[in-house]
Amino acid sequence: DAKTTQPTSMDCAEGRAANLPCNHSTISGNEYVYWYRQIHSQGPQYIIHGLKNNETNEMASLIITEDRKSSTLILPHATLRDTAVYYCIAEATNTGKLIFGQGTTLQVKP
Amino acid sequence: GAVVSQHPSWVICKSGTSVKIECRSLDFQATTMFWYRQFPKQSLMLMATSNEGSKATYEQGVEKDKFLINHASLTLSTLTVTSAHPEDSSFYICSASSVEGAGINYEQYFGPGTRLTVT
């Protein structure tokens with residue numbers, strides 16, 4: 001699995017968009033970009049995934065650069081409940097193995 | 001979304017005893033289940049992958065004789081920590097996925113975790 005690099009922590013004002021970057025410069029052609037988040041003392045929660053194209057669902061948007069070496073997770077209107085550790089993972093679907101890095105701790109402030 | 005449960009949610013046991021943790025997929029059939037361990041203020045570490053009806057595949061450095069994994073059905077996997085010691089105290093999390101269509105795994109659904117404390 002490709003290694004991903006994320007900032008250790010970020011702050012965001014409540015109601016504003018939270019943009020979380022992720023670098024995955026060694027990603028392979030068959031590896032998807034997945035985003036999960038973990039709220040304190042809970043199991044991780046799936047957010048979104050993509051291969052090449054930008055993706056959007058009810059939780060977030062995922063923007064993947066054309067060369068696929070980086071991506072950005074966008075929470076359009078962050079709330080206090082979005083405070084969590086966000087993990088960006090590059091994973092080949094045929095293995096199913098998610099290798100978690102250190103993630104980004106997002107603190108949403110009132 | 002799909003629901004994965006774990007039981008118990010927390011357990012305290014004495015050093016030298018064994019503890020079994022159950023992971024169940026409640027509304028879907030999980031062809032593959034994964035077990036993770038998480039120490040305080042650290043990320044999740046994958047321990048093993050289990051497929052229904054076959055032996056689990058352990059990650060490097062994980063003792064298979066200490067962490068026994070059984071995936072007897074498409075909705076249940078168990079992790080048994082044998083001869084537990086204080087250093088095994090951790091947050092144990094399972095996840096489950098199902099293979100769709102052309103054999104592609106997409107989302108993994110995580111359980112709420114089990115906090116194990118060994119005294």
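No experiment lies behind these values; they were computed from the predicted model shown. Below, all heavy atoms of this structure are taken into account, side chains as well, without hydrogens, waters or symmetry copies. In what follows, chains are A, B, ... by sequence order, proteins preceding strands, each numbered from 1.
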>> Please classify the contact of B/Gln6 with chain A as side chain, backbone, both or neither, using a heavy-atom distance under 4.5 Å.
In response: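 When you check distances to chain A, no heavy atom of B/Gln6 falls under 4.5 Å.
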>> Please classify the contact of B/Leu44 with chain A as side chain, backbone, both or neither, using a heavy-atom distance under 4.5 Å.
In response: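 Contact with chain A is through both the backbone and side chain of B/Leu44.
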Do any N or O atoms from the side chain of [X] and from the backbone of [Y] form a donor-acceptor pair under 3.5 angstrom?
X: B/Asn51; Y: B/Ser54; value: no
X: B/Ser43; Y: A/Gly101; value: yes
X: A/Thr4; Y: A/Ile89; value: no

> Does the side chain of A/Tyr86 reach to within under 4.5 Å of the side chain of A/Trp35, using non-hydrogen atoms?
Replying inline: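 A side-chain contact exists here, since the closest heavy-atom pair is under 4.5 Å.
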> Side chain, backbone, both or neither: which part of A/Thr105 has a non-hydrogen atom closer than 4.5 Å to chain B?
Replying inline: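 Neither the backbone nor the side chain of A/Thr105 comes within 4.5 Å of chain B.
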